[in-house]
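Since the model is a prediction, treat every value here as computed from it, not as a measurement.
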Amino acid sequence: MKKIISFFTLLLYLFFLGGVITAQTADKEATKETKYLLNNLHKQTAQGIMFGHQDDLAYGVGWKYEHGRSDVKETAGQYPAVYGWELGRLEIDATENLDGVPFNKMKQFIKGAYERGSVITISWHLNNPLTGKSAWDPAQGTVESILPGGSKNELFKSWLDKIAAFFLDLKGKRGEFIPVIFRPFHELNGSWFWWGKNHCTPEQLKQLYRFTETYLRNEKNVHNLLYAFNTDRFVSTEEYLERYPGDEYVDIIGFDIYQKGDILANDKFIAEVDKSLAMLEKMAAERNKIPALTEFGYNTVPDAYWWTNVFYKALEKHAVAYALAWRNTGKKSIDEIEFYVPYKSQVSAADFKKFSLLDKIIFEKKVKKNKLYSK
Ligand code: BMA
C-alpha cells in the first residue's frame, strides 16, 4: 500500500513540477524555449489549429516592405499565429532570398514575431550543389555527391555553416535563441527538386536528412530547431514513410497540398485533405510527433466562401498544430497573379475573417495567450 501511495505522490509531484513533460525533442540538447515550444505545441494541438502565412510581413498583393503591413492582418484583423520564411540563396551569400526578401529584414521580422508569441517555420529551396543551378535542377546523383565521401560534401557543409550562422543569430531580448521549426528537403516524394523521389534512393534521402541535422547540432551547436519532415500530397502511409529518417530525427510531420482547378473541385479537395490528415494524425500519434499542414492553398481563392465552406470543412475533424498558407506573390506578369490569402476587397476576404474567428482556429491573439515559449 505504502508503495502505491508513494508512486502516486511521485506522479503528482511530476505533474505539478513540470507542466508534464510529454515529448522529447529530436535534438536532446535543444534549448529550454525549444523544448517548451514542442511540449506546448503538443498541448495546444488538442485545442486548436494555428493559421500561418509565408512571407506575411514582407509583401502582399500590391505592396512590398511597408512597416506593419500584412494581408492577413488587413483582412482577418490580426496577424497570423505562424510565420513561414525561406532561406534559399543564403547558401551562395546572397543578401536576398530567391523571392527577393532581404535576410537582414527577415531576421527582424522573426524577432518581432517571436516577441508576439508566434511561431516561426523556415524552408530552404537551396540551389543544386552539384550543378550550381536552382533547387529545381534535378541532376542525377546530386544527393549522393553531398553525402560524406561525395565530391560535394565539403561544399554542402559550407552551406550548412551559413544557415547555422543565420539560426544562431536569432535571439530574443534576454539573449535566448529563438526556436524555429526547420523543414528542409520538403515535398520529397515529388520529383521537382533535386532531393526528390526519382533522383535519389530512400536510403540516400534518409542519410541526407540525418547528416544535415547531426551536422547542425554537433558541429555547429545549433540547438534552437524543431525538425519537420514534410512530403507533398500522398496516398498511403507506406508512401509517406518510405523516406522517413526515423523518430529520433523528427519533431513534426506534415505534408503540402494545394487545390487546383475551378471551384467544382471543392468536394474532391475536402475529401483528399480529410483523408490525408487522418493518415497523418495516426502516424503522428503512433510516434508521439506533432502533425501539421506544412503548406496549403488555393491560388487566387476564387470561391467567396472557400475558407468556411471548403478549407474548414476539411480541417474540422482534425487536430493539427498549424496550417501554413503559401505566399502572396502578387502580380507576376500583366495577366498573372498569385496569392493564397485574401487582401482587402478580395472576394473571399469576409469569409476569411469569419474563419479566423472560429473557436478552433488560432491567430495572433490566442497564440499569445498560450505562451508557447514558457513552461
Ligand atoms: C515556390 C514558389 C516559388 C518560390 C519558392 C520559394 O513554391 O512560390 O515562387 O520561389 O516557393 O519560396
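From Phe193, atom CZ reaches atom CG of Asn198 across 14.0 Å, with rounding to the nearest 0.5 Å. Summarising the geometry, atom CD belonging to Gln24 is positioned 9.5 Å from atom CG belonging to Asp27; distances are rounded to the nearest 0.5 Å. Here the CD1-CD distance, from Ile122 to Glu86, works out to 9.0 Å after rounding to the nearest 0.5 Å. From Leu208, atom CG reaches atom CD1 of Ile146 across 4.5 Å, with rounding to the nearest 0.5 Å. Atom CG of Asp55 sits about 11.5 Å away from atom OG of Ser70, to the nearest 0.5 Å.
No option in Asp56, Ile110, Thr121 other than Ile110 meets the side chain to side chain contact (heavy atoms under 4.5 Å, CB included) test with Trp85. Of the candidates Tyr209, Phe211, Tyr215, Glu213 forms a side chain to side chain contact (heavy atoms under 4.5 Å, CB included) with just one, namely Tyr209. Of the residues listed (Arg174, Lys171, Lys371), the one engaging Glu33 in a salt bridge (Lys or Arg N to Asp or Glu O under 4.0 Å) is Arg174, and it is the only one.
With 3.5 Å as the limit, one finds no donor-acceptor pair spanning the side chains of Ser134 and Asn127.
For Tyr244 and Tyr240, the gap between ring centers reaches or exceeds 6.0 Å. A ring-centre distance under 6.0 Å is not found for Phe229 and Phe255. Residues Phe311 and Phe296 bring their aromatic ring centres within 6.0 Å. Phe177 has its ring centre no less than 6.0 Å from the ring centre of His223. Aromatic pair Phe182/Phe167: centroids less than 6.0 angstrom apart. Aromatic pair Trp326/His53: ring centres not closer than 6.0 Å.
The two residues Val320 and Thr45 have their closest heavy-atom pair at C-CG2, 3.5 Å.
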Are Thr294 and Tyr322 close enough, and set up right, to give a side-chain contact (heavy atoms from CB on, under 4.5 Å), and what steps lead you there? CA-CA 7 Å; Thr294 36; Tyr322 65 89; 3.7 Å; yes
Apply side-chain hydrogen bond (donor to acceptor under 3.5 Å, both in side chains) to the pair Trp192 and Glu187, showing each step before the final yes or no. CA-CA 9 Å; Trp192 41 92; Glu187 302 178 356; 2.8 Å; yes
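Asp71 contributes a side-chain N or O that, together with a main-chain N or O of Val61, makes up a donor-acceptor pair within less than 3.5 Å.
Using a 4.0 Å cut-off between charged side-chain N and carboxylate O, Arg183 and Glu295 make a salt bridge. Salt bridge annotation for Lys368-Glu364: absent, with no cationic side-chain nitrogen under 4.0 angstrom from a carboxylate oxygen. Under 4.0 Å is where a charged nitrogen must lie from a carboxylate oxygen, and between Asp251 and Lys289 no such pair does. Of the charged side-chain nitrogens involved, none lies within less than 4.0 Å of a carboxylate oxygen, so that Arg233 and Asp256 do not count as a salt-bridged pair. Under the 4.0 Å criterion applied to side-chain N and carboxylate O atoms, Glu154 and Lys157 are assigned as salt-bridge partners.
No cation-pi contact links Lys375 to Tyr36, judged by a cut-off of 6.0 Å to the six-membered ring centre and 45° from its axis. Within the cation-pi definition used here (under 6.0 Å to the ring centroid, within 45° of the axis), Arg89 does not qualify as a partner of Phe103.
Here Arg69 pairs with Glu66, Glu74 under the salt bridge (charged side-chain N to carboxylate O under 4.0 Å, His left out) rule; sequence neighbours left out.
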